[in-house]
Amino acid sequence: MPEGNVVVVGAGVVGLTTAFTLASEGFDVSVIDPFPGRGASFVAAGMIAPLTEAVHGEESLTELCAQGAALWPSFAKRLSEYSELDCGLEQTGTLVVAADNNDREILRSRIPTPALGTLGATWATAAEVRALEPLLASSVRGGFLATSDFQVDNRRLLASLMRALSNLQVSVVQSKVLSILSDNNQVKGVVTEDGVHHASHVVLCPGYDVARIEGLPTADRPVIRPVKGQILRLFQHDPLLRLRRTVRAMIAGSSIYLVPRESGQFVIGATVEEQGTSRVPTGGAILALLRDACLTVPSVAEAELLETGTGLRPATIDNAPIIGPSLLGGLIYAVGHYRHGVLLGPITAQSIAEIVRTGEVPVSIAPFQPGRFQRNG
Ligand SMILES: Cc1cc2nc3c(=O)[nH]c(=O)nc-3n(C[C@H](O)[C@H](O)[C@H](O)COP(=O)(O)OP(=O)(O)OC[C@H]3O[C@@H](n4cnc5c(N)ncnc54)[C@H](O)[C@@H]3O)c2cc1C
């Protein structure tokens with residue numbers, strides 16, 4: 001077993017993938033979270049979408065997402081070996097469609113043809129996209145199939161990670177971390193509501209709430225804002241009315257997605273709202289999500305509404321995550337994964353394991369180092 005022990009703060013997808021990766025490499029790991037697996041990761045849609053969630057101007061993040069997505073199949077396989085559970089990885093691709101001619105132009109401008117070409121995709125006619133997904137509305141005006149983008153069932157993933165940790169004898173302590181314990185610029189552990197946990201390394205993955213933890217160095221203390229997302233979960237009883245793959249639609253200039261699960265459940269999402277820490281579900285958001293989903297796939301109107309959910313995405317100033325060592329020795333950050341926490345779970349975990357093992361920062365996460373905002377004023 002490698003020397004020292006690691007405390008992971010936060011049991012969302014980022015903390016759990018990190019704890020699992022470290023423990024499966026032989027590290028002595030424990031996880032601390034008052035509500036394991038119930039943060040934004042529980043609410044998320046589970047898309048692994050390096051292309052269809054890409055934003056102009058965020059090229060280094062897009063590159064990290066492409067590398068992160070590539071790790072998913074082997075990560076899911078390894079996780080199932082340790083957990084003896086299937087995390088619901090589906091690689092049937094994502095069908096992106098335009099609701100009308102205007103939306104088709106918006107889509108084409110956001111994802112230009114050369115970008116599609118590099119991913120082996122081409123623009124398809126309305127008839128071609130309906131051949132792939134017969135449940136689409138007759139008003140849909142073409143689109144493309146993004147084979148690069150797929151999905152995992154985020155709730156099955158969290159359950160698999162928790163089971164794998166249990167099988168690896170990792171303790172998950174239900175408590176809140178109040179502060180970082182340090183001496184002589186070196187981490188010594190954490191102070192929780194219930195006592196002190198000593199550690200040679202602390203990995204901080206508490207989602208949007210990192211600012212409440214005391215004892216972080218001012219020079220790299222992460223500034224994270226919560227970005228509210230409202231999302232719906234439904235069940236389609238009739239197997240003939242179930243989507244074959246994830247569908248994303250551009251509709252009246254807005255984007256919506258429908259993510260089907262193997263069970264017949266599906267997810268409709270999501271709003272992106274700068275509302276502080278409010279988690280209140282609103283009628284207007286639910287109305288807009290259902291309206292746009294029904295206009296894209298009319299049979300949604302027949303589905304049973306199971307749940308309205310609200311989550312807080314942890315976002316940084318540049319919308320890219322903070323992954324890397326703090327100036328405080330032994331402290332490592334993995335926060336601010338915003339829209340990509342599920343996608344980036346395995347690459348974040350792999351990078352952190354390398355930092356703990358070697359002290360070196362992997363090239364892939366070099367642009368995402370802590371303190372970059374403070375250094376840039
Ligand atoms: C509606 C919606 C849809 C989304 N869809 C997708 C998607 O399709 N694909 C994708 O990749 N991403 C998606 N995301 C984003 C994704 O959910 C987040 O990026 C991801 O969940 C962040 O994971 P995390 O582990 O950092 O945070 P969280 O999942 O929020 O977990 C943080 C954990 O830390 C714990 N914690 C907080 N403070 C403390 C403390 N002081 N001590 C101990 N523990 C603490 C919390 O209890 C919580 O369990 C979506 C988000 C939303 C809201």
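Counting starts at 1 for both ligands and their atoms, in listed order.
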Atom indices of ligand 1 within 4.0 angstrom of Gly311 heavy atoms, with elements =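 Every atom of ligand 1 under 4.0 Å from some heavy atom of Gly311: 53 (C).
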
By number and element, which atoms of ligand 1 are closer than 4.0 Å to a non-hydrogen atom of Ile213?
-> 41 (N)

[X] to ligand 1, any heavy atom closer than 4.0 Å:
X: Gly46; result: yes
X: Tyr257; result: yes
X: Arg313; result: yes

Glu354 side chain vs Val361 backbone, donor-acceptor pair below 3.5 Å = no

Nearest-option assignment for atom 29 (O) of ligand 1, heavy atoms, candidates Gly12, Cys205, Ser41 =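 When every heavy atom of Gly12, Cys205, Ser41 is considered, Ser41 comes closest to atom 29 (O) of ligand 1.
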
In the protein, what heavy atom is nearest to atom 44 (N) of ligand 1, and what distance, to one decimal place, separates them?
->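 It is Pro34 CD, 3.4 Å.
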
of all protein heavy atoms, closest to atom 9 (N) of ligand 1 is Met47 O, 2.8 Å

Could you check Ile231, Thr52, Thr94, Thr296 and say which one makes a side chain to side chain contact (heavy atoms under 4.5 Å, CB included) with Tyr257?
->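 Output: one option passes, namely Ile231.
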
CG on Leu79 to CG on Asp86, rounded to 0.5 Å =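 Going from CG on Asp86 over to CG on Leu79, the span is 9.5 Å.
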
Test the Arg233-Phe266 pair against the cation-pi criterion, namely NZ or CZ under 6.0 angstrom from the six-membered ring centroid and within 45° of the ring axis.
-> no

For the ring pair His340 and Tyr338, is the centre-to-centre distance below 6.0 Å?
->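 No: the rings miss the under 6.0 Å criterion.
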
